Every structure is written in C-alpha cells, then in structure tokens.
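First up is the structure itself, then whatever we jot down about it.
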Amino acid sequence: MQDLRIGVVGLGLRANLADAAHHPGAGSVVAAVADTDPAVRAGVADRFPGAVAVDDYRKLLDDDTVDALVVATPDDTHEAVACDILRAGKPVYVEKPLGITVEQCDTILRTAYETGTRLYVGHNMRHMGVVRLMRDIIARGDIGEPKTVWVRHFVSYGGDYYFKDWHADRTRTTGLLLQKAAHDIDVVHWLANGYTSRVNAMGDLMVYGDLPRREPGTPRPDGWLREFDWPPATRKDLNHVVDVEDVSVMNMRLDNGVIAAYQQCHFSPDYFRNYTVIGTEGRLENFGDRPGDEVKVWNTGPTGYRADADAVYKVPESKGSHGGSDERIIGEFCRFVRDGGVTDTSPVAARMSVAAGVMATQSLRDGGAPYDVPPLDPELIAYFESGQRRDAAPAPAPR
Ligand SMILES: NC(=O)c1ccc[n+]([C@@H]2O[C@H](COP(=O)([O-])OP(=O)(O)OC[C@H]3O[C@@H](n4cnc5c(N)ncnc54)[C@H](O)[C@@H]3O)[C@@H](O)[C@H]2O)c1
C-alpha cells in the first residue's frame with residue numbers, strides 16, 4: 001500500500017495532528033504544508049523531510065502529488081478553506097469545530113453533497129479510550145437506557161490557551177461554549193444516541209476580563225504556553241480582544257427526550273472532564289480521562305455512596321497525543337479517503353454539536369432564554385448517514 005500523501009493547512013498548536021499523519025512507509029505522509037506564517041513554513045523541512053511549504057493552500061488544490069488535505073486553521077476560516085478544497089475535488093479533514101455558525105456548517109455540508117467530495121470532521125474525542133469505554137458500557141445495556149448525562153469540564157490551562165489569542169474573540173469563535181464544548185456536546189450526543197433540539201445557558205466573563213492585554217498585532221509572547229500562572233488572575237499578555245465567557249453552564253433537551261447538562265470553567269486548578277450517565281438501570285462515571293484512569297458503574301440497587309462501585313473498568317493504555325486518539329482518527333481518515341463509507345465521526349453530528357453550542361451561546365447572552373436548535377436538511381442527513389454516496393439508499397449510521 002502506497003502512503004497517502006497529505007497536505008496540512010495550518011501548522012500551529014494543533015501540529016500534533018500533522019505528526020500523527022506522518023508515518024513514511026506505514027500508510028500516510030505529510031507531503032505539503034500551507035501556512036500563512038513564514039516562521040511556520042521555515043520549520044517544515046525539519047519536521048517533515050521532503051514536504052513542500054507554501055503560503056497559500058490554493059497552491060495545493062491542483063497538485064497531483066497531494067491526495068488529501070487536513071485543515072487545522074482557526075475556526076473562522078474553516079468554511080472558506082474547506083469549501084475551496086471540496087470544490088477542487090480533494091478529500092478533506094476539517095478540525096473541529098466544523099464552523100462558528102450554523103450557516104457555515106450547512107454550507108460546508110451542502111458543498112460536500114453537491115461536489116460529491118469526501119468530507120471528514122475531526123472530532124477526535126470519539127477515538128479517545130475513555131469515551132469509547134463509556135459508549136461500550138452503555139451499548140451493553142449495563143446501565144439500562146441512558147436518560148440523563150452530566151458533564152463537568154475543568155480547563156486549568158484555559159487562561160493560557162483560550163484567552164491569549166483568537167479564541168478569546170467572539171468574532172473568531174462565537175464563544176467557548178461552541179469552541180471548546182463542541183467536543184463534549186458531540187460526545188453527549190454519541191453516548192445518549194440523540195441530538196440536542198432545545199437549549200438554554202448561563203455564563204459570564206469572571207476572571208480574564210480585566211487582566212493585562214497585548215496590543216493588537218503583537219504575537220503571543222515567548223513562554224506563553226503552559227505557564228500555568230497561579231492564581232489565574234496573575235496571568236498577563238492576554239489577547240487584545242477578550243469578550244468570550246470563562247464560565248458557562250448549558251442545559252440540553254435531546255430529540256429522544258434525554259436531558260443533559262454541560263459545565264465549563266477556565267480558571268480551575270486542574271484539567272479534566274467528568275462524565276456521569278444515568279440510565280434506567282444504573283449510573284456510570286469516569287474518574288480521570290486518560291489511559292489507565294477508571295470508569296465506574298453502579299447498577300445493583302439503591303445504596304449510599306460506594307467508592308468500590310459494582311464494576312470498575314480501566315481506560316485502555318494508548319500512546320500518542322490526546323490519549324492516542326490523534327493516531328486513531330488519522331487512521332480512520334486515511335481509510336475513509338481510500339475506501340469511503342461510514343465512519344465513527346460524523347459530519348452531521350459535527351454540525352449538530354456546533355448548532356447546539358451556537359444556540360446555547362445565544363441563550364447565555366440573552367439572559368438564559370431557551371432556544372430551539374435549527375434542524376438540518378433531511379437530504380443532507382440522508383447523504384452523510386449513508387456514507388456520502390448519492391446513489392445509496394439512506395441507511396442508519398452510528399451517531
Ligand atoms: N481536536 C482537537 O483536539 C483540537 C485541539 C486544538 C485545536 N483544535 C482546532 O485546530 C484548529 C487550529 O488550532 P490551533 O490551536 O493550532 O491554532 P493556531 O492559531 O495555533 O494555529 C493556526 C495556524 O494556521 C495558520 N493559518 C491561519 N490562517 C491560515 C490560512 N488561511 N491558510 C493557511 N494557514 C493559516 C496560522 O499561521 C497558524 O500557524 C482550530 O480549528 C482548533 O479549534 C482542535
């Protein structure tokens with residue numbers, strides 16, 4: 001099997017995804033990088049020997065030596081970049097979130113439908129061991145039918161990763177309830193087997209609104225990453241615009257009746273996601289979200305709290321970034337480029353997670369008023385759920 005030759009558009013902090021795609025002789029190789037930043041282009045030859053570096057991704061669209069493209073540019077650029085690539089007929093991987101508005105997502109899905117070009121969306125949490133373990137437990141029926149899902153998301157490094165660059169500007173992201181939560185909303189949908197139909201939310205900018213900011217146009221300073229200044233209010237050099245919330249709480253009603261809640265805080269001392277799923281016959285909860293951490297299940301009857309639980313499962317060991325999920329998601333993308341078909345990630349689900357995040361953001365900026373999530377065109381749902389084949393009869397796909 002020849003290596004799939006991948007072009008990467010945007011080689012910033014998310015460069016570990018490109019690393020996961022670079023395995024010469026073992027299935028895929030980074031053959032080209034397009035990045036607008038000359039300093040990034042200067043480092044391409046060392047990182048990916050033999051790869052070309054260009055300043056404009058459009059230079060790769062007619063390049064026959066590039067089989068597929070991975071888009072890892074800032075969220076507000078995804079629609080324009082992805083649609084150009086789809087129109088050029090090259091299979092494309094778009095990092096999450098798919099877009100920053102419902103309209104952007106729908107335009108990408110419709111362009112993929114009309115061109116027939118393969119579209120893949122990078123929700124790598126679907127390939128994380130802890131998520132797959134929880135999904136397996138639910139699928140076995142160990143907690144009965146899932147009815148409610150609660151997620152607490154503690155983002156210790158939020159002040160560094162999300163308030164020192166474009167993430168902090170709502171014109172570039174809409175808000176962190178979309179930007180950061182799109183992953184977890186998607187996981188809630190996947191675990192509960194439904195899509196959010198109605199939301200309300202509350203949120204505020206509590207800690208990072210009044211801290212020292214950089215002048216517009218000045219780069220992120222050396223050492224900005226993983227400073228973990230403590231307490232959080234000692235952070236400085238924030239983005240020149242900071243108008244997204246650093247605390248948010250969102251309620252969801254899913255189309256199958258499940259009720260879910262998601263809470264995010266960017267000044268917590270620790271980083272982790274804590275999921276609880278309660279079904280008609282039990283409850284599960286994860287204690288940590290990395291390989292070796294535990295998911296516990298209680299399902300033998302009402303008692304007081306029992307730390308030993310009824311069953312304890314370990315998240316499988318795995319190497320690589322994001323708990324090994326980056327290697328696995330690139331593997332699935334390469335398989336999809338070669339063979340097509342249904343995948344564990346889903347463009348429809350990616351759109352539905354953005355739509356829930358957008359409407360929740362609207363709600364929290366409107367005093368917590370409830371909003372309905374706009375439905376997706378059934379023609380597009382049928383196309384994507386049948387594995388992106390226009391001639392195929394719609395078949396149900398895993399969400
Ligand atoms: N799935 C995950 O776990 C995960 C994690 C982090 C980031 N992300 C996503 O990855 C994407 C990139 O995030 P990041 O943190 O690396 O951002 P970043 O700002 O660090 O890097 C973006 C890179 O894109 C380049 N760029 C910007 N516009 C461009 C354009 N039009 N053409 C070519 N290059 C362009 C910039 O020069 C920069 O090098 C975002 O969509 C983000 O949400 C996903």
Side-chain angles (χ1 to χ4, degrees), residues 102 105-106 123 125-126 130-153 177-178 181-203 248-264 273-286 295-302 342 344-364 366 368-382 384-385 394-399:
V102 180
C105 295
D106 289 359
H123 274 275
M125 275 190 74
R126 288 193 177 211
V130 67
V131 171
R132 297 180 83 87
L133 176 57
M134 293 191 292
R135 190 170 146 87
D136 287 348
I137 292 167
I138 295 167
R140 282 200 305 266
D142 290 5
I143 61 164
E145 193 183 334
K147 288 293 182 191
T148 191
V149 186
W150 307 337
V151 186
R152 298 184 299 162
H153 194 177
L177 204 40
L178 184 172
H183 273 311
D184 297 277
I185 299 170
D186 179 53
V187 171
V188 167
H189 289 167
W190 207 38
L191 295 179
N193 200 27
Y195 290 129
T196 300
S197 56
R198 194 163 170 80
V199 291
N200 77 334
M202 293 217 176
S248 45
V249 175
M250 154 184 190
N251 297 313
M252 295 163 258
R253 166 70 88 167
L254 275 55
D255 52 12
N256 59 2
V258 167
I259 290 182
Y262 168 85
Q263 307 169 4
Q264 179 186 97
R273 295 172 155 100
N274 173 251
Y275 279 72
T276 283
V277 184
I278 306 176
T280 50
E281 295 174 25
R283 177 172 90 84
L284 70 72
E285 181 175 355
N286 68 305
V295 175
K296 296 186 178 184
V297 175
W298 294 264
N299 59 2
T300 58
V342 175
D344 279 352
T345 66
S346 147
V348 170
R351 184 274 190 194
M352 294 309 295
S353 70
V354 169
V358 166
M359 300 319 293
T361 306
Q362 202 164 314
S363 169
L364 71 78
D366 187 21
Y371 281 95
D372 288 329
V373 175
L376 178 60
D377 183 340
E379 187 180 36
L380 295 178
I381 296 176
F384 285 102
E385 296 206 337
R399 281 173 165 170

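As the structure is a computational prediction, the values presented were derived from the model and not from experiment. Because only heavy atoms are used, hydrogens play no part in the values below, and waters and symmetry mates are left out as well, while side chains stay in.
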Go through the structure and list residues passing salt bridge (charged side-chain N to carboxylate O under 4.0 Å, His left out) with [X], not counting sequence neighbours.
{"X": "Arg283", "result": "Glu285"}
{"X": "Glu145", "result": "Lys147"}
{"X": "Arg152", "result": "none"}
{"X": "Asp372", "result": "Arg198"}

Where do Trp150 and Asn274 land on the side chain to side chain contact (heavy atoms under 4.5 Å, CB included) test, with the steps shown first?
CA-CA 8 Å; Trp150 307 337; Asn274 173 251; over 6 Å; no
Taking only residues two or more places apart in sequence or in another chain, which ones pass side chain to side chain donor-acceptor pair (under 3.5 Å) with [X]?
{"X": "Asn286", "result": "none"}
{"X": "Thr361", "result": "none"}
{"X": "Asn299", "result": "none"}

For residues Tyr195 and Asn256, is any side-chain donor paired with an opposing acceptor at under 3.5 Å?
no
With rounding to the nearest 0.5 angstrom, report the CZ to OG distance, Arg126 to Ser346.
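Answer rounded to 0.5 Å: 5.5 Å.
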What is the distance from atom CG of Leu284 to atom CZ of Arg135, rounded to the nearest 0.5 Å?
13.0 Å
Using the rule given for side chain to side chain contact (heavy atoms under 4.5 Å, CB included), can you reason through Ile259 versus Met252, listing the C-alpha separation, both sets of side-chain angles and the distance that settles it, and then say yes or no?
CA-CA 6 Å; Ile259 290 182; Met252 295 163 258; over 6 Å; no
Report the residue from Val297, Leu191, Thr276 that forms a side chain to side chain contact (heavy atoms under 4.5 Å, CB included) with Met134.
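For Met134, the side chain to side chain contact (heavy atoms under 4.5 Å, CB included) check succeeds only for Leu191.
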Where do Ala201 and Ser363 come nearest, in terms of heavy atoms and distance?
N-OG, 2.9 Å
Listed partners of [X] passing side-chain contact (heavy atoms from CB on, under 4.5 Å), at least two apart:
{"X": "Pro146", "value": "Ile138, Val277"}
{"X": "Ala369", "value": "Asp366, Tyr371"}
{"X": "Ala355", "value": "Val102, Arg351, Val373"}

Is any side-chain heavy atom of Asn251 less than 4.5 Å from a side-chain heavy atom of Val199?
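SC-SC contact between Asn251 and Val199 ruled out.
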For a side chain to side chain contact (heavy atoms under 4.5 Å, CB included) check, start with the C-alpha distance between Ile185 and Met250, then their side-chain angles and the critical distance, and finish with the verdict.
CA-CA 10 Å; Ile185 299 170; Met250 154 184 190; 3.6 Å; yes
Name every donor-acceptor pair, under 3.5 Å, that has one atom in a side chain of residues 374-382 and the other anywhere in the protein, sequence neighbours excluded.
from	atom 1	to	atom 2	distance (Å)
Asp377	OD1	Glu379	N	2.9
Asp377	OD2	Arg110	NH2	2.6
Glu379	OE2	Tyr113	OH	3.1

Run the numbers on Thr196 and His189 for side-chain hydrogen bond (donor to acceptor under 3.5 Å, both in side chains), then give the verdict.
CA-CA 7 Å; Thr196 300; His189 289 167; 2.7 Å; yes
